[in-house]
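Notes for the one structure printed next.
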Amino acid sequence: MTRAATAASAGIPSSPGPTAAPTSAEDVAQWVSDFGRWVFEQLGALGSALQQTLAAPAPRRADLAIEDRCSALLSDSRTAVAGAGAVFAPGVLADAPYWLEWWTVETRAGGTTVTKLAAETDPRAVGFRDYTELPWYAKVLASGEPQVTGPYVDYLCTDQYTLTFTAPLVVDGRFSGVVGVDVLVAWFEEHLLEVMGALERTCVLVNAAGRVVTSSDPTWVTGDLIRDLPTEQWLAGEAATHPRWTAGRCATLPFLVLTPR
């Protein structure tokens, strides 16, 4: 199997070779867009796997047959995915008012271990946290569209800087929750810097709030906020200028590639 084929199977867009080195921010934006497209394909597959179960009368937790699919994503050491699963709208399951069917992966010297997340889902319990109020769920519910949350430190699952990709889980026209994956920013940065490294100019990837995802310039680190950017206009494709930065959109993700003027 070629390097490009191996990378694609693991969710890594292939980096250009020596004869096709990227020379502009557009190449970085394309890499990010290709990666986002792969992630949303995985979410589509997860959602499809749940359709029949959730369309049946009174579905229960034991009926949710997505463990093998999630484990396959998580157990491949090349994969970008650090967490995967589904989070259900209140009342969708007959035997649990709230429920997360979610798996995470830990990588150690001896290999990787896939485990099911043990989150408190009983609203009466002291440790219960209403996930419907968290951005990766609430924004999907409000918009009906896929969302990317982060970078943020995910204290629930990874304890690291994370990007959470979520998409609506709709069954028979009813919002039934979200399907999602977690991607570690460290993984994202490692592979994206291979592409950014071929650029002579500084290149910074930011989210819709202007917060840095990764940068070729160590002056900017993950989580830094670049203030006063017209991100809303740029993401909408509108003409907007900034005294310091120019921006390029990433077609499938709410990210911008910044380069200095």
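Residue numbers count from 1 along this sequence.
- Partners of Asp34 by side chain to side chain donor-acceptor pair (under 3.5 Å), not counting sequence neighbours, listed by chain and number: Gln30, Arg37.
- In this structure, Val221 stands alone, with no Ile, Leu, Val, Met, Phe, Trp or Tyr side-chain heavy atom under 4.5 Å from its own, directly or through other members.
- With sequence neighbours excluded, the residues that form a side-chain contact (heavy atoms from CB on, under 4.5 Å) with Arg124 are Asp122.
- With sequence neighbours excluded, the residues forming a side-chain contact (heavy atoms from CB on, under 4.5 Å) with Arg129 are Leu134, listed by chain and number.
- Sorted pairs that involve residues 133-148 and meet salt bridge (charged side-chain N to carboxylate O under 4.0 Å, His left out), not counting sequence neighbours, are lacking altogether.
- Cluster partners of Ile226, using a side-chain heavy-atom cutoff of under 4.5 Å among ILVMFWY residues and allowing indirect links, are Val204, Val206, Val212, Trp220, Leu229, Trp234, Leu235, Trp245, Leu256, Leu258.
- Evaluation of the side-chain contact (heavy atoms from CB on, under 4.5 Å) rule for Ala65 yields no partner, not counting sequence neighbours.
- Under the side chain to side chain donor-acceptor pair (under 3.5 Å) criterion, Thr115 pairs with Thr104, not counting sequence neighbours.
- Qualifying ring pair (Phe, Tyr, Trp, His ring centres under 6.0 Å) partners for Tyr131, counting only residues two or more places apart in sequence or in other chains: Tyr98, Tyr137.
- Under the 3.5 Å distance criterion, the side-chain polar atoms of Asp182 are left unmatched by any main-chain donor or acceptor of Cys157.
- Side chains of Glu26 and Ser24: a donor-acceptor N/O pair is present below 3.5 angstrom, by distance only.
- Within a 6.0 Å radius of CD in Glu41, other residues, nucleotides and ligands contribute more than 12 heavy atoms.
- In this view, Tyr152 satisfies the ring pair (Phe, Tyr, Trp, His ring centres under 6.0 Å) rule with no residue, not counting sequence neighbours.
- Residues Ile66 and Glu101 meet the side-chain proximity criterion, which asks for heavy atoms closer than 4.5 Å.
- Side-chain contact of Ser71 with Ser75: a donor-acceptor pair under 3.5 Å is absent, judged by distance alone.
- Residues passing the side-chain contact (heavy atoms from CB on, under 4.5 Å) test with Ala251, sequence neighbours excluded: Ser33.
- Qualifying side chain to side chain donor-acceptor pair (under 3.5 Å) partners for Asp224, counting only residues two or more places apart in sequence or in other chains: none.
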